[in-house]
*Asks:* 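So that we are looking at the same thing, I have put the structure below in structure tokens.
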Amino acid sequence: MRCGRQILATTAAFAVMCAVTEASAGSVQRSVTNRNVSIETIVQFGNDVQPVTIEENSSINIARVIQIGGTGTVDATIIQNGTRNYVDVIQVGGTTNLAIGQSGVSNIADITQVGNSTNALLLQIGDMNTGTVRQFGRFNWLSIFQFSR
């Protein structure tokens with residue numbers, strides 16, 4: 001089931017990329033935050049996507065980022081400090097850059113990058129760490145650090 005959702009999300013990302021014209025650009029951002037739960041969703045598409053920075057410090061943190069850029073660079077940085085942390089990122093662009101830092105009891109990161117050059121750094125500090133990374137590109141770089149508390 002999880003694999004099916006990942007394939008569906010990747011297919012949707014490619015469909016959006018194909019539908020975007022050179023002059024179009026768009027961005028959608030939704031967030032809900034209190035001391036118990038923080039949910040941040042950012043969707044960007046077009047040739048001039050802006051760098052994304054998310055910092056969440058609730059008990060449960062959920063961040064979802066979809067960046068569909070043209071041939072340029074797409075960047076995202078996500079920092080989460082809480083009991084349970086979840087990140088889901090899809091990046092498409094000429095160069096994709098991602099840095100994730102998670103500190104909590106349970107940390108989950110799901111990363112998909114498509115581009116000529118893909119770069120990801122994942123740091124997880126907690127008792128239950130899970131990281132899934134898919135990089136499709138000519139030049140791929142990935143570094144994962146997982147530590148228990």
*Asks:* Should Val65 and Tyr86 be counted in the same cluster of Ile, Leu, Val, Met, Phe, Trp and Tyr side chains packed under 4.5 Å apart?
*Replies:*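 In one cluster: no.
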*Asks:* Report yes or no: do Val87 and Leu122 belong to one cluster of Ile/Leu/Val/Met/Phe/Trp/Tyr joined by side chain heavy-atom distances under 4.5 Å?
*Replies:*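 Val87 and Leu122: one cluster.
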*Asks:* State yes or no: do Phe45 and Val114 share one hydrophobic cluster built from I, L, V, M, F, W and Y residues joined by side-chain heavy-atom distances below 4.5 Å, directly or via other members?
*Replies:*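 Yes, one cluster joins them.
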*Asks:* Other than Phe139, what residues sit in its cluster of Ile, Leu, Val, Met, Phe, Trp and Tyr side chains whose heavy atoms are under 4.5 Å apart, directly or through others?
*Replies:*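 None; Phe139 is a cluster of one.
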*Asks:* When you compare the side chains of Arg30 and Thr41, does any donor N or O come within less than 3.5 Å of an acceptor on the partner?
*Replies:*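 Per modelled atom types, Arg30 and Thr41 side chains form no pair under 3.5 Å.
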*Asks:* Quick one: closest heavy-atom pair of Val52 and Gln67, and the distance?
*Replies:* CG2-NE2, 3.4 Å
*Asks:* Have Gln44 and Gln29 got a donor and an acceptor in their side chains that come within less than 3.5 Å?
*Replies:*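 No pair is found: no donor N or O on one side chain lies under 3.5 Å from an acceptor on the other.
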*Asks:* According to a hydrophobic-cluster definition based on side-chain heavy atoms being under 4.5 Å apart (Ile, Leu, Val, Met, Phe, Trp, Tyr only), do Ile39 and Ile54 belong together?
*Replies:* no
*Asks:* Should Phe136 and Ile66 be counted in the same cluster of Ile, Leu, Val, Met, Phe, Trp and Tyr side chains packed under 4.5 Å apart?
*Replies:* yes
*Asks:* Looking at every non-hydrogen atom in both residues, tell me the closest pair between Glu56 and Gln80 and how far apart they are.
*Replies:* OE1-NE2, 2.7 Å
*Asks:* Measure across Leu121 and Phe145 and return the closest heavy-atom pair with its distance rounded to 0.1 Å.
*Replies:* CD1-CE1, 3.8 Å
*Asks:* Hey, which of Thr73, Asn97, Asp75 is the one that makes side-chain contact (heavy atoms from CB on, under 4.5 Å) with Asn119?
*Replies:* Asn97
